[in-house]
Amino acid sequence: MGKFAPVEEYVAGLATGPLRDIVEKLLPVIDAALPDANSAVYHQAPTWSVGEAPGKGPVCYVRAYSKYVTFGFWRGQELKDPSERLQPGARNMGQVKLTSVDEIDEQLFTDWLKQAGELEVAELAKS
């Protein structure tokens, strides 16, 4: 696992400001909802996976861009989302773009995380 940087290293590389604040507020929400997941920088973004190694059974990722932070899910289009905040992405992915810590809904995000984690665990069990 030496080739994967820890999430803390990614966060340390972010400039101080609103985007870093968003990432720092998301991390404990993700860790609490996915206590058995492993985290590492995978494909240049902090990623939480339920498999044996980073990228195996990936559940979610966080990536800071110049004006927003993407909080995304590999199986995001399969999640129940009554808020309709998740936007479809490539393949089966889904994400929400955050520009402020005020846009973080811990209860909603925890629900998404638990759903996504369960989907990945079930998928891994099939292999």
Side-chain angles (χ1 to χ4, degrees):
M1 192 163 114
K3 64 181 180 176
F4 298 101
V7 170
E8 296 78 14
E9 194 173 299
Y10 178 89
V11 176
L14 296 175
T16 302
L19 299 181
R20 183 174 179 158
D21 294 344
I22 293 167
V23 172
E24 289 178 335
K25 185 166 182 181
L26 280 173
L27 298 184
V29 174
I30 297 168
D31 290 337
L34 300 172
D36 297 325
N38 62 69
S39 62
V41 177
Y42 177 73
H43 287 289
Q44 303 173 344
T47 301
W48 285 258
S49 305
V50 294
E52 295 177 12
K56 302 295 181 192
V59 176
C60 70
Y61 67 93
V62 174
R63 187 163 188 177
Y65 291 92
S66 61
K67 296 184 179 184
Y68 59 88
V69 171
T70 297
F71 178 38
F73 298 87
W74 263 259
R75 301 173 71 120
Q77 294 181 38
E78 295 178 52
L79 303 181
K80 293 177 187 153
D81 177 29
S83 73
E84 298 183 354
R85 288 183 61 189
L86 279 174
Q87 299 299 308
R91 295 178 297 277
N92 201 24
M93 297 178 90
Q95 69 273 327
V96 61
K97 293 179 181 176
L98 305 167
T99 58
S100 161
V101 293
D102 296 334
E103 295 173 333
I104 297 173
D105 181 332
E106 291 184 28
Q107 184 175 0
L108 176 64
F109 290 8
T110 295
D111 181 55
W112 290 345
L113 287 158
K114 288 182 177 182
Q115 287 183 62
E118 289 169 4
L119 286 169
E120 281 304 329
V121 167
E123 188 65 28
L124 286 174
K126 292 178 186 177
S127 331

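Numbers here are sequence positions counted from 1.
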Audit row: Leu34, Cys60, side-chain contact (heavy atoms from CB on, under 4.5 Å) steps and yes/no: CA-CA 10 Å; Leu34 300 172; Cys60 70; 4.2 Å; yes
Compare every heavy atom of Ala40 with every heavy atom of Phe4, then report the nearest pair and how far apart it is. CB-CB, 3.8 Å
Would a distance-only check, ignoring hydrogens and angles, find a side-chain to backbone donor-acceptor pair under 3.5 Å from [X] to [Y]?
| X | Y | result |
| --- | --- | --- |
| Glu106 | Val29 | no |
| Ser49 | Gly55 | yes |
| Arg63 | Ala45 | no |
| Asp21 | Ser100 | no |

All ring-ring contact (aromatic ring centres under 6.0 Å, His included) counterparts of Tyr68, not counting sequence neighbours: Tyr65
Contacts of type ring-ring contact (aromatic ring centres under 6.0 Å, His included), residue Trp74, not counting sequence neighbours: Tyr61
Count I, L, V, M, F, W, Y as connected when their side-chain heavy atoms are under 4.5 Å apart, and connections chain through other members. Are [X] and [Y] then in the same cluster?
| X | Y | answer |
| --- | --- | --- |
| Leu86 | Val59 | yes |
| Phe73 | Val7 | yes |
| Ile30 | Leu14 | yes |
| Leu108 | Leu26 | yes |
| Leu27 | Val96 | yes |

Evaluate Val41 against Glu9 for side-chain contact (heavy atoms from CB on, under 4.5 Å), listing each step before the verdict. CA-CA 9 Å; Val41 177; Glu9 194 173 299; 5.8 Å; no
side-chain contact (heavy atoms from CB on, under 4.5 Å), that's the test. Do Ser83 and Trp112 meet it? Break it down for me. CA-CA 11 Å; Ser83 73; Trp112 290 345; 3.8 Å; yes
Under the side-chain contact (heavy atoms from CB on, under 4.5 Å) criterion, do Ile104 and Leu98 qualify, and how do the steps go? CA-CA 8 Å; Ile104 297 173; Leu98 305 167; 4.2 Å; yes
Heavy-atom check, side chain of [X] versus side chain of [Y], under 4.5 Å:
| X | Y | result |
| --- | --- | --- |
| Arg85 | Phe109 | yes |
| Val121 | Leu124 | no |
| Phe71 | Leu113 | yes |

Exactly one candidate in Asp31, Asn38, Asp36 meets side chain to side chain donor-acceptor pair (under 3.5 Å) with Trp48; the answer is Asp31
Asp111 and Gln115 side chains, donor-acceptor separation under 3.5 Å: yes
Using side chain to side chain contact (heavy atoms under 4.5 Å, CB included) as the criterion, list what pairs up with Asn92, not counting sequence neighbours. Arg75, Gln77, Glu78
Hey, what do you get for CZ (Arg20) to OH (Tyr10), rounding to the nearest 0.5 Å? 11.5 Å
From NZ (Lys25) to CG (Asp102), nearest 0.5 Å: 7.0 Å
